[in-house]
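One structure is given below, encoded as structure tokens.
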Amino acid sequence: MAGDAPDPVPGPGQVLIDVAYANITFIETQFRATGNGPFNLKPPFIPGNGVGGVIAGVGPDTDPALVGRRVVTSLSGTGGYASRVVVDATAPFEVPEGLALDEAVALLADGRTATMLIRTAAISSGERVLVEAAAGGVGSLAVQLAKAAGAQVVAAAGGERKLALAAELGADATVDYREPTWAERVGTLDVVLDGVGGDVAQAAFELLRPGGRMLSYGLASGSWAAISPETAAARDVRLLHPRPTPSELREYVESALAEAAAGRLRPVIGQRFPLDRAADAHAAIESRATIGKTLLEVGT
């Protein structure tokens with residue numbers, strides 16, 4: 001429910017951001033629907049963990065030259081669905097010249113995750129990589145980054161519209177994982193980037209060659225991949241679980257922003273909703289009808 005709240009005031013070492021766009025993640029929709037997730041929150045609260053806008057003010061002991069800069073920033077799991085936010089002055093990322101602010105917001109969480117997946121997988125030229133949920137926010141970026149790393153990319157998604165987008169982004173082959181026999185048409189894989197979980201993840205796992213790698217980053221099916229370390233070891237498959245440091249996470253965001261500013265990475269913004277229709281945005285994501293990133297337009 002939309003409502004009014006007092007304007008936040010930046011304290012020492014903090015900045016005030018006039019928000020133009022708020023990022024929505026699938027985790028937020030799940031938390032709202034089920035109460036389960038990484039956020040230790042109880043209603044009422046303001047959702048949202050990522051925003052983009054312009055620094056409008058600074059607190060005491062903070063460089064006034066920061067005012068006017070276009071930035072994107074993560075929060076602490078809450079507070080992003082708002083017209084103004086306050087964060088530590090060291091938290092925001094300045095948006096590079098040539099990159100639109102809405103595209104930078106679309107890269108904040110998903111670009112970080114996609115970059116982390118590709119680097120952790122250590123993809124070699126010529127390897128066959130399956131990207132599940134390939135038309136989603138993370139998947140659409142992972143398709144491009146895997147292709148740039150020299151991989152042969154197989155994109156798995158649900159429906160012709162999503163498969164067409166994956167092919168447009170560079171996938172060498174596409175497959176609709178809603179079809180019962182989809183895995184039979186994929187062939188042997190070196191890497192699986194699992195954004196679906198459940199039965200799709202299990203079928204993808206079975207396609208990995210000895211020495212293959214699997215990384216699970218999402219559960220669009222509603223459940224994580226139920227593959228035990230013992231099962232993976234028996235097939236000589238590595239289940240990789242990134243454990244990035246805060247500095248590494250920051251570098252992943254900076255890399256994604258730089259790649260997009262240089263024209264080598266394209267964030268796909270499939271849907272936009274005004275802030276007071278955040279519930280509709282969540283419903284659209286939960287319907288599995290969305291492509292790419294869904295943004296809330298706040299102060300545009």
Side-chain angles (χ1 to χ4, degrees), residues 1-25 27-28 31-32 37-113 115-116 244-258 260-261 267 272-276 278 281 293 295-300:
M1 178 182 297
D4 294 327
D7 280 346
V9 177
Q14 294 184 320
V15 295
L16 173 70
I17 298 173
D18 279 341
V19 177
Y21 303 95
N23 172 45
I24 299 178
T25 66
I27 290 175
E28 290 167 9
F31 182 74
R32 180 200 55 77
F39 311 118
N40 185 23
L41 300 170
K42 293 183 179 180
F45 64 91
I46 300 172
N49 192 42
V51 299
V54 176
I55 295 178
V58 299
D61 303 319
T62 308
D63 185 359
L66 294 172
V67 173
R69 294 187 183 181
R70 298 187 310 147
V71 296
V72 294
T73 187
S74 297
L75 305 174
S76 56
T78 183
Y81 297 5
S83 57
R84 286 188 158 190
V85 300
V86 164
V87 296
D88 288 344
T90 57
F93 300 84
E94 188 163 4
V95 178
E97 289 293 329
L99 183 62
L101 182 56
D102 56 351
E103 293 183 331
V105 176
L107 289 163
L108 178 61
D110 292 349
R112 176 180 60 209
T113 300
T115 300
M116 177 179 66
T245 65
S247 62
E248 287 173 331
L249 286 172
R250 189 166 185 89
E251 197 278 324
Y252 295 154
V253 176
E254 291 171 343
S255 176
L257 293 174
R272 302 167 187 264
F273 291 82
L275 178 61
D276 61 3
K293 195 67 185 173
L295 294 184
L296 293 177
E297 296 185 331
V298 181
T300 59

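Everything numeric in this text was worked out from a predicted model, so none of it was measured.
- At a threshold of 4.5 Å between non-hydrogen side-chain atoms, the residues Arg112 and Ser74 count as touching.
- Looking only at side-chain heavy atoms (C-beta outward), Val87 and Leu75 come within less than 4.5 Å of each other.
- The line from CD1 of Ile55 to CG of Leu66 is 5.0 Å long, rounded to the nearest 0.5 Å.
- Val67 has its side chain within reach of Val58: a pair of non-hydrogen atoms, C-beta onward, lies under 4.5 Å apart.
- Panel note: side chain Thr115, backbone Thr113; no donor-acceptor pair is recorded below 3.5 Å.
- Residues Leu107 and Val253 are not in side-chain contact: their nearest non-hydrogen atoms beyond the backbone lie 4.5 Å or more apart.
- Considering only heavy atoms from C-beta on, Val9 stays 4.5 Å or farther from Val86 through its side chain.
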Problem - Audit row: Asp18, Arg84, side chain to side chain contact (heavy atoms under 4.5 Å, CB included) steps and yes/no - result: CA-CA 5 Å; Asp18 279 341; Arg84 286 188 158 190; 2.6 Å; yes
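- Checking side-chain atoms of Arg250 against main-chain N and O of Ala91 turns up a donor-acceptor pair under 3.5 Å.
- The backbone N or O of Glu251 sits nowhere less than 3.5 Å from a side-chain atom of Ser255 that would complete a donor-acceptor pair.
- Of all heavy-atom pairs between Asn49 and Ser76, the closest is OD1-N, 3.5 Å.
- Across Pro92 and Val71, no two heavy atoms sit closer than the pair CB-CB, 3.7 Å.
- In this structure, CG on Leu296 lies 3.5 Å from CD1 on Ile24, to the nearest 0.5 angstrom.
- Here the closest heavy-atom approach between residue Ser83 and residue Val298 is recorded as CA-CG1, 3.5 Å.
- In plain terms, the two heavy atoms of Ile17 and Thr73 that are nearest each other are CD1-CG2, 3.8 Å.
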Report all side-chain donor-acceptor pairs from residues 94-106 shorter than 3.5 Å, counting only partners two or more places apart or in another chain.
unit_1	atom_1	unit_2	atom_2	d
Asp102	OD2	Arg272	NH1	3.0
Asp102	OD2	Arg272	NH2	2.8

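- For the pair Asp88 (side chain) and Thr90 (backbone), a donor-acceptor distance under 3.5 Å is absent.
- Between Tyr81 and Val19 the shortest side-chain heavy-atom distance does not fall below 4.5 Å.
- Two residues are said to be in side-chain contact when any heavy atoms from C-beta on lie closer than 4.5 Å; Pro10 and Val15 fail this criterion.
- Using a 4.5 Å heavy-atom cutoff, the side chains of Phe273 and Glu297 are not in contact.
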